[in-house]
Amino acid sequence: MRYFAFLVSFLALLISHTLPAATLRMAFDSEPISLDPQEQLSESTLQFSHMVFDPLVRWTQDGKIQPRLATSWKQISPTTTRVYLRKNVHFHNGNLFSAKDVVYTIDRLKRSPDFRALFTSIDSVTKVNEYTVDIHCNHPTPLLLNILTYVFPMDKKFYEGRDQIIKFGRTFASQHTSGTGPFIIKERDPGVRMVLVRNKDYWDTKSKGNVDKLILTPIRNDSTRLAALLSGDVDFIFPVSPVDIARAKEADNIQVITLPTSRLLLLQLNQKRRKEFRDIRVREAINLAINQPLIVKKILRGYARPAGQLSASSLLGYVDTIKPEYNLKKALQLMKEAGYPHGFRVSMMAPNNRYMDDEKVAQAVAAMLGRLHITVDLKTLPKAQYFQQYDARAADIMMLGWQSDTMDSNNLFEFLTACPDAKSGLGAYNASEYCVPGINSEITQANREMNLKKRTKILQDIETKVADSAAVVPLYWQDLTWAAKDNIGIKDIVNEQNYPHLGDLVITPPKSN
Amino acid sequence: MLAFLFRRLIQAFFVMLTISVISFAIQGKLGDPVQQMVGMTVSPAERAHLRQELGLNDSFAVQYWHFLKNAAHGNFGISYYYKKPVLDLIFERMPATLELAFCAIILVAIFATPFGIYAAIRPRSLLSRLIMAFSTLGLSVPIFIVGIFLVYVFSIQLHMAPSFGRGHTVDVFGIWKSGLFTKSGLHHLMLPSITLAFALMPIFIRLIRSEMMEVLHSEYIRFAWSKGLSTNRIYFIHALKNTMLPVITVGGIQAGTLIAYTILTETIFQWPGMGFLFIDAVSRVDTPLISAYLMVVGGIFVTTNTVVDLIYGLVNPTVKLENHGL
């Protein structure tokens with residue numbers, strides 16, 4: 001009893017030193033479609049998962065893996081990793097978190113249509129004791145921890161028996177939650193708002209986060225969202241479109257935070273549709289005629305980095321020496337050598353509401369190709385229609401943006417440049433319809449190579465081959481931009497994945513003026 | 001009267017049927033709903049399976065037949081995104097739109113009528129010229145510019161009004177979420193309803209003015225002047241009544257414009273009404289919701305036009321409904 005009293009006074013002391021609890025009103029451009037963290041693999045769902053659930057491990061802002069519900073791990077055989085779990089963690093409805101929940105969650109992920117592709121390398125998970133699990137892989141898996149960032153343990157007792165995943169239906173899990181996360185859902189009106197309150201029993205007592213109420217409003221219109229911040233109706237927004245960044249920065253008491261990312265925008269030249277593109281000289285000419293730095297400077301106002309390859313510098317496959325090159329004279333010469341001094345006519349499609357300024361970038365590209373006498377019939381479409389056309393490979397040149405799910409180069413290679421193979425799922429977004437010979441086996445090899453040095457070499461090798469064959473036209477890696485009131489400490493909690501760690505967000509009392 | 005209503009009902013039935021065919025036919029052109037529901041990395045096989053499950057691989061006729069059969073039972077399907085029956089969703093959002101439209105119409109009535117009358121009676125005065133200049137401006141400036149301008153001035157610069165949303169609502173009769181009875185609700189209504197009114201007002205000012213001017217030149221008004229009737233009586237009883245006839249007709253037609261403009265206004269102000277719901281549904285290819293919205297709006301059109309015809313009969317007894325229209 002005396003011990004208890006001591007604890008209470010200690011806690012009281014602790015609380016008196018923390019900042020007063022605060023409410024955060026935030027407006028992002030989209031919202032989770034379901035409360036089931038395993039229903040849709042999307043940025044919104046993962047943002048939501050980080051609020052209401054906790055991952056086993058998570059990414060820090062500087063690209064490191066941080067223990068969360070998993071406290072440590074070690075490899076006990078080439079294909080088995082032992083994971084130790086955090087003790088004394090409770091789900092929102094009071095159930096104790098333990099190994100069974102992790103086993104349950106990964107088994108369920110392997111059933112989820114959206115997530116199972118990420119988990120194919122994991123064969124099974126077994127419980128060793130209450131707080132230890134063994135993860136058995138099909139083969140040595142260098143990216144296991146990257147994959148574990150997608151494991152948000154769900155309460156087995158709460159969900160089991162009513163946990164079906166139906167993408168178009170109203171399931172129990174899509175309407176009810178029991179996670180371990182820093183926030184609990186209080187109210188949800190899809191399309192209008194979602195209100196969450198702080199989980200009073202949150203295990204991470206070291207976190208300085210002082211947000212006790214979160215109000216999320218999805219605002220899809222860029223100018224409405226910015227106006228909501230500038231007028232003081234919300235505190236924190238994402239994204240800010242490049243044309244508005246200057247205006248937001250000028251406003252009083254508003255901060256704008258920008259982070260470089262590895263989100264790539266590229267063009268794919270369809271070689272099945274066009275024989276001209278089968279000539280490497282034409283592909284090289286196109287790469288040379290497109291001035292990436294100019295696109296970044298003029299259209300994205302500098303809020304991106306010009307790309308000459310797929311991997312951004314934060315990824316293993318990045319090769320220092322490959323730079324975007326612009327040389328119109330050389331490009332024209334190559335076109336002449338290839339037998340197209342007067343160019344040709346191609347069709348191109350791009351989305352107009354999917355990526356930042358996608359339509360303007362597409363127009364700029366069309367104009368730049370015009371310098372090579374290539375006439376581009378450009379059609380831009382809303383994303384809903386665009387991706388249908390993309391899947392049908394309906395134009396000679398297609399625009400695509402990609403973020404590696406695993407924060408690793410190989411994911412880019414697997415989807416964008418591998419030889420299409422329906423069985424393994426490789427090359428699903430290879431609208432070039434061309435692949436560097438032997439690339440698939442190298443990709444497979446990179447997925448199994450545990451030696452970091454060797455693995456880096458394989459990835460860089462693929463990157464070089466892709467660049468040498470001018471298989472695609474990389475454009476740039478886009479920055480992410482958030483804006484908030486000055487007293488909201490978003491700088492420390494945002495990250496490249498765009499899963500803000502809101503549980504750790506510190507809000508200081510606004511300066512009175 | 002009854003015969004008229006009966007004929008209107010049959011007419012409405014065919015109109016709705018046509019709308020249903022059209023709204024169903026465009027669905028294939030909007031994009032792939034499955035694409036919207038899954039992550040980028042989901043395999044084509046997985047997607048094909050989902051499409052099959054949703055019945056999207058059936059022929060147009062089969063899909064349409066299913067839709068009609070269910071619609072006859074009042075079931076327009078489940079929204080892919082919201083996972084709720086679409087009619088429930090639309091009716092949940094309808095109060096927001098109706099309140100917005102209602103406030104805008106009140107504003108139009110309060111301002112357009114006196115402005116129009118004044119501009120007709122004193123066409124050469126400075127105020128009249130101002131009014132006409134304003135109405136030209138209103139006709140030529142797109143509504144989203146008006147909205148953004150109002151937000152900039154009143155929300156961002158002056159902090160006088162909220163920039164988005166509906167604020168606090170209260171339940172009226174348990175089914176109607178109303179923002180008309182709370183301070184925050186009214187506050188939030190301010191900018192959107194002014195924006196919407198701004199879009200609708202010019203045409204009414206001009207219409208009232210030109211109709212009134214025409215009426216003022218007619219024989220019976222001159223007769224009234226020579227009879228020595230009071231100015232007020234001539235303007236507001238004799239002239240105004242005849243001016244209002246075409247205004248009512250146009251008002252009925254304008255109901256369509258109103259719906260189109262509410263979509264825009266709701267998008268600018270993130271107003272959680274039907275129009276906003278619809279625009280979102282289009283971008284998400286939420287086809288059941290799109291079809292249901294078009295049907296509901298079609299229903300509203302048919303109803304307003306019928307009501308306008310009835311009012312027409314009441315205002316002008318010389319109009320015989322039996323011979324009118326159709």
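Throughout, a chain's letter reflects where its sequence line sits, starting with A, and its residues are numbered from 1. From a predicted model like this one, the values you see are computed outputs, not experimental measurements.
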For atom OH of B/Tyr261, decide whether the heavy atoms of other residues, nucleotides or ligands shown that lie under 6.0 angstrom number more than 12. no
If you tally heavy-atom pairs under 4.5 Å between each of B/Pro162, B/Pro33, B/Gly147, B/Gly165 and chain A, the highest tally belongs to B/Pro162
Heavy-atom proximity to chain B below 4.5 Å, by part of A/Ser174: side chain
If I measure from the heavy atoms of chain B, does A/Asn353 come under 4.5 Å with its side chain, its backbone, both, or neither? neither
With only heavy atoms counted, which part of A/Asp391 is less than 4.5 Å from chain B, the side chain, the backbone, both or neither? side chain
Once you round to the nearest 0.5 Å, how far does CG of A/Asp233 lie from CD1 of B/Ile156? 9.5 Å
Looking at B/Leu158, B/Asp280, B/Val38, B/Leu277, which one has more heavy-atom pairs under 4.5 Å with chain A than the rest? B/Val38
Can you tell me which portion of A/Glu31 sits under 4.5 Å from chain B's heavy atoms? Options are side chain, backbone, both or neither. both
Using a cut-off of 6.0 Å, state whether more than 12 heavy atoms not belonging to A/Lys110 lie near its atom NZ. yes
Are B/Glu46 and A/Lys167 within salt-bridge range, i.e. N to O under 4.0 Å? no
Do other residues, nucleotides or ligands put more than 12 heavy atoms under 6.0 Å from B/Lys177 NZ? no
How about B/Phe149: does its CZ atom have over 12 heavy atoms from other parts shown lying under 6.0 Å from it? no
Given a strict heavy-atom distance threshold of 4.5 Å, which part of A/Phe387 is in contact with chain B: side chain, backbone, both, or neither? both
Scored by heavy-atom pairs under 4.5 Å with chain B, the best of A/Gln175, A/Arg220, A/Glu414, A/Lys383 is A/Arg220
Top of B/Leu89, B/Leu50, B/Leu54 for chain A proximity - count of heavy-atom pairs under 4.5 angstrom: B/Leu54
Just do the side-chain contact (heavy atoms from CB on, under 4.5 Å) check on B/Arg93 and A/Val192 with the steps written out, would you? CA-CA 11 Å; B/Arg93 299 293 182 91; A/Val192 182; 3.8 Å; yes
Looking at every non-hydrogen atom in both residues, tell me the closest pair between A/Ala384 and B/Val285 and how far apart they are. CB-CG2, 3.2 Å
Atom group of A/Leu400 that falls short of 4.5 Å from chain B, counting heavy atoms: side chain
When only pairs under 4.5 Å are counted, which of A/Gly425, A/Gly169, A/Ser223 shares the most heavy-atom pairs with chain B? A/Gly169
Heavy atoms only, distances under 4.5 angstrom: which of B/Arg284, B/Arg47, B/Glu92 has the most pairs with chain A? Name it, please. B/Arg47
Contacting region of A/Thr217 [heavy-atom separation from chain B under 4.5 Å]: side chain
Would you say B/Phe102 has more than 12 foreign heavy atoms packed within less than 6.0 Å of its CZ? no
Counting heavy-atom pairs under 4.5 angstrom with chain B, the leader among A/Gly232, A/Ala422, A/Pro382, A/Ala228 is A/Ala228
Using side-chain heavy atoms (C-beta onward) and a distance below 4.5 Å, is A/Ile219 in contact with B/Phe164? yes
Please state whether the side chain, the backbone, both or neither of B/Arg166 comes within less than 4.5 Å of a heavy atom of chain A. neither
Shorter than 4.5 Å, heavy atoms on both sides: which option in B/Gln35, B/Glu53, B/Gln157, B/His49 has the most such pairs with chain A? B/Gln35
Hey, what do you get for CD (A/Gln40) to CD (B/Gln36), rounding to the nearest 0.5 Å? 9.0 Å
Checking heavy atoms, do the side chain of B/Tyr152, its backbone, both or neither come under 4.5 Å from chain A? side chain
Find out whether A/Arg170 and B/Lys84 are in side-chain contact, i.e. whether some heavy atom of one side chain is under 4.5 Å from a heavy atom of the other. yes
To the nearest 0.5 Å, what is the distance between OG1 on A/Thr224 and CH2 on B/Trp271? 13.5 Å
Gap between atom NZ of B/Lys83 and atom CD1 of A/Ile166 - 0.5 Å precision: 9.0 Å
Chain A shares the most heavy-atom pairs under 4.5 Å, among B/Thr41, B/Val151, B/Val34, with B/Thr41
4.5 Å side-chain heavy-atom contact, B/Met40 and A/Tyr429: yes
Looking only at heavy atoms and a cut-off of under 4.5 Å, which of A/Asn221, A/Leu41, A/Ile33 has the most pairs with chain B? A/Ile33
Assess the side chains of B/Ser163 and A/Ser231: does a donor N or O sit below 3.5 Å from an acceptor N or O? yes
Which one wins on heavy-atom pair count under 4.5 Å against chain B: A/Gly191, A/Ser42, A/Ser34, A/Ala428? A/Gly191
Should A/Leu230 and B/His159 count as side-chain neighbours, where that means a heavy-atom distance under 4.5 Å? no
